[in-house]
Amino acid sequence: MNSSSPAAVIVLAAGAGTRMKSSLPKVLHTIGGRSLVGHALDAAVNLNPEHLVAVVRHERERVVEHLLAHNHNLIIADQDEIPGTGRAVELGLEAIGSVSGTVVVTYGDVPLLTPETLSALVAEHQNAGNSVTVLSANVPDATGYGRIVRDENGLVTQIVEHKDALQIAEETGDSTLVDITEINSGIYAFDGEMLARSLVEVTTDNVQGEKYLTDVLGLAREAGGRVATYVTDDLMEVEGVNDRVQLATLGAELNRRIAERWMRSGVTIIDPSTTWIDVDVELAQDVTIKPNTQLHGNTTVATGSTIGPDTTLNDVEVGENATVRRTEATQAIIGPESNVGPFTYIRPGTVLGERGKIGAFYETKNVNIGRGAKLSHLGYVGDADIGENSNIGCGNITANYDGVNKHRTVIGAEVRTGSNTVFTAPVEIGDGAYTAAGAIVRKNVPPGALSMNAMDQRIIEDWVLERRAGSAAAEAAQKARDKS
Ligand code: UD1
Ligand code: CA
């Protein structure tokens with residue numbers, strides 16, 4: 001089936017989202033690392049529409065700022081005080097000017113709708129020559145949804161809102177409408193000219209006093225147009241977020257779908273239910289993800305690498321065949337064949353070279369670590385350069401902050417530093433230099449030199465026996481003395 005790009009997609013995002021009970025506008029809540037409305041815009045953009053419009057009202061400034069940051073070509077339409085989806089679409093159309101061709105309407109709070117389903121809706125609409133094509137679904141519980149009403153030939157005649165169906169049942173004693181299980185998802189393809197003409201005629205004469213977009217269906221039929229549905233079996237795709245329970249449900253479902261997609265493309269995920277992967281993450285074939293791992297933002301992992309367990313990566317690039325376990329890392333590059341963790345905290349600006357290592361209980365920030373260099377255990381390195389194959393001893397620290405400014409430590413290649421070395425930045429250590437255990441490096445160390453501090457070790461005989469007389473230590477000391 002061929003179809004042409006729609007003239008416009010109008011994304012409705014004017015609603016208040018009261019049930020979220022949140023100071024954050026509903027459509028700005030995120031799942032999979034992207035806002036709800038961001039998901040809606042991305043699906044819409046995929047249709048390659050001539051115009052992309054978002055209709056806003058509630059928390060207008062905040063929502064618009066987010067929308068334009070997400071998509072700067074977006075047309076913003078402001079809804080006025082007349083409520084209803086029909087009014088929202090009417091103002092969306094006005095913002096474009098005149099429109100001919102297909103107009104698609106979607107919601108800013110329906111995040112799992114895929115570009116594939118939207119394209120299929122548009123294709124069906126155009127190929128069948130419909131005036132209106134409604135994306136519908138058969139659901140176990142239709143409460144709250146508009147019901148799809150068909151005539152004896154199965155053709156769609158109208159959509160009756162839940163509250164109106166209830167009122168009719170009350171007045172007539174006939175609950176036929178309430179019992180209909182085929183519901184309106186709220187996503188449609190329309191003939192644009194018919195839509196614009198019809199919306200002028202739609203009134204607010206209903207239980208909710210709103211201008212219903214669904215009233216366009218009857219007007220389209222009166223004008224001789226064909227109204228039909230495109231039925232989807234995937235109920236999650238048309239589900240909206242109204243509260244935080246639905247936010248979590250749809251977030252988990254999105255995650256399940258993302259994990260499944262990566263597994264099908266050759267990624268091993270030991271426990272998909274405890275693995276959270278944002279939509280923009282990229283994983284290569286033969287990556288292994290162990291349990292309790294979160295991959296966020298623009299994180300990428302190259303082939304052969306193992307991430308986790310218990311690891312969180314935010315905007316991190318991991319090279320091939322690396323191992324990263326029990327680690328939290330943000331805005332960092334972890335080189336190929338390198339080894340990170342366990343219990344490692346990697347902060348922004350850390351670049352670990354090929355075959356490098358950042359071991360247990362290390363914190364790093366803004367540091368370039370050369371190929372094959374190792375920071376094996378217990379320490380902090382910030383604002384530093386470490387050359388190739390240098391071995392940074394246990395407990396080393398860069399004292400990079402003088403209380404006012406940050407300073408750099410520059411360590412050359414093939415350097416060996418003794419345990420508990422403190423680098424008082426700014427300071428430079430030449431290639432192949434050594435530092436002694438406990439060294440405090442305040443002055444630059446030339447290549448090949450040993451840096452140590454003359455701190456004599458004093459022995460005060462019998463100190464414990466005299467000053468801690470009667471203690472367990474004194475007793476043990478006395479026994480040792482008696483033996484010798
Ligand atoms: C609407 C449909 C209903 C459908 C349901 C699917 C109408 C009259 N009814 O119900 O048939 O089953 O969606 O969820 O269209 N919005 C605006 N401006 C408004 C009102 C709503 O932009 O004045 C936006 C909301 O932000 C939301 C979407 O439209 O994204 C749907 O609004 P909501 O109030 O949830 O839907 P209903 O009107 O109850
Ligand atoms: Ca709704």
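Computation of the quantities below employed the complete heavy-atom set of this structure, encompassing side-chain atoms and omitting hydrogens, waters and symmetry-equivalent molecules. Indexing begins at 1, ligand by ligand and atom by atom, following the structure's order. Throughout, numbering of the chain's residues begins at 1 and tracks the sequence.
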*ligand 1 versus Gln79, non-hydrogen atoms closer than 4.0 Å: side chain, backbone, both, neither?*
side chain
*asked:* Can you name the atoms of ligand 1, numbered from 1 with element, that are less than 4.0 Å from a heavy atom of Thr85?
replied: 7 (C), 8 (C), 15 (O), 20 (C), 21 (C), 29 (O)
_Taking 4.0 angstrom as the limit and counting only heavy atoms of Tyr212, give me the atoms of ligand 1 inside it, by number and element._
8 (C)
*asked:* At less than 4.0 angstrom from any non-hydrogen atom of Glu161, what atoms of ligand 1 do you find?
replied: 2 (C), 3 (C), 7 (C), 8 (C), 9 (N), 10 (O), 11 (O)
*Has Lys365 got more than 12 heavy atoms of other residues, nucleotides or ligands less than 6.0 Å from its NZ?*
yes
*asked:* Any salt bridge linking Arg150 with Glu182? Criterion: basic side-chain nitrogen under 4.0 Å from a carboxylate oxygen.
replied: yes
*Below 3.5 angstrom, do we get any N/O pair linking Asn184 and ligand 1?*
yes
*Would you say Arg87 contacts ligand 1, with heavy atoms under 4.0 Å as the rule?*
no
*State the atoms of ligand 1, each with its element, that fall below the 4.0 Å cut-off from a heavy-atom position in Leu12.*
22 (O), 24 (C), 29 (O), 30 (O)
*Decide whether an N or O pair under 3.5 Å exists between Gly186 and ligand 1.*
no
*Closest to atom 20 (C) of ligand 1 (judged by heavy-atom distance), picking from Gly84, Ala16, Gly108, Ala40*: Gly84
*Can a non-hydrogen atom of Ser185 be found less than 4.0 Å from any atom of ligand 1?*
yes
*Any donor and acceptor pair, going by atom type alone, linking the side chain of Arg347 with main-chain N or O of Glu363 inside 3.5 Å?*
no
*What atoms in ligand 1 come closer than 4.0 Å to a heavy atom of Gly146?*
3 (C), 4 (C), 11 (O), 12 (O)
_Heavy-atom nearest option to atom 27 (C) of ligand 1, drawn from Leu36, Asp109, Ile183_ = Asp109
*Is the shortest side-chain N to carboxylate O distance from Asp385 to Arg408 below 4.0 Å?*
yes
*Assess whether atom CD of Glu65 is packed by more than 12 heavy atoms of other residues, nucleotides or ligands within 6.0 Å.*
no
*Do ligand 1 and Tyr145 have nitrogen or oxygen atoms that lie under 3.5 Å from each other?*
no
*With heavy atoms under 4.0 Å as the rule, classify the contact between Ala88 and ligand 1 as side chain, backbone, both or neither.*
side chain
*Would you confirm whether Thr300, through its side chain, and Glu317, through its main-chain N or O, come within 3.5 Å as a donor-acceptor pair?*
no
_Carboxylate-amine/guanidinium contact Arg257 Glu253, below 4.0 Å_ = yes
_Pair Asp278 + Arg34, salt bridge at N-O below 4.0 Å_ = no
_Closer than 4.0 angstrom, basic N to acidic O: yes or no for Arg60 and Asp78?_
yes
*asked:* Is there a polar contact, in the sense of an N or O pair closer than 3.5 Å, between Gly144 and ligand 1?
replied: no
*Pair Asp243 + Lys26, salt bridge at N-O below 4.0 Å*: no
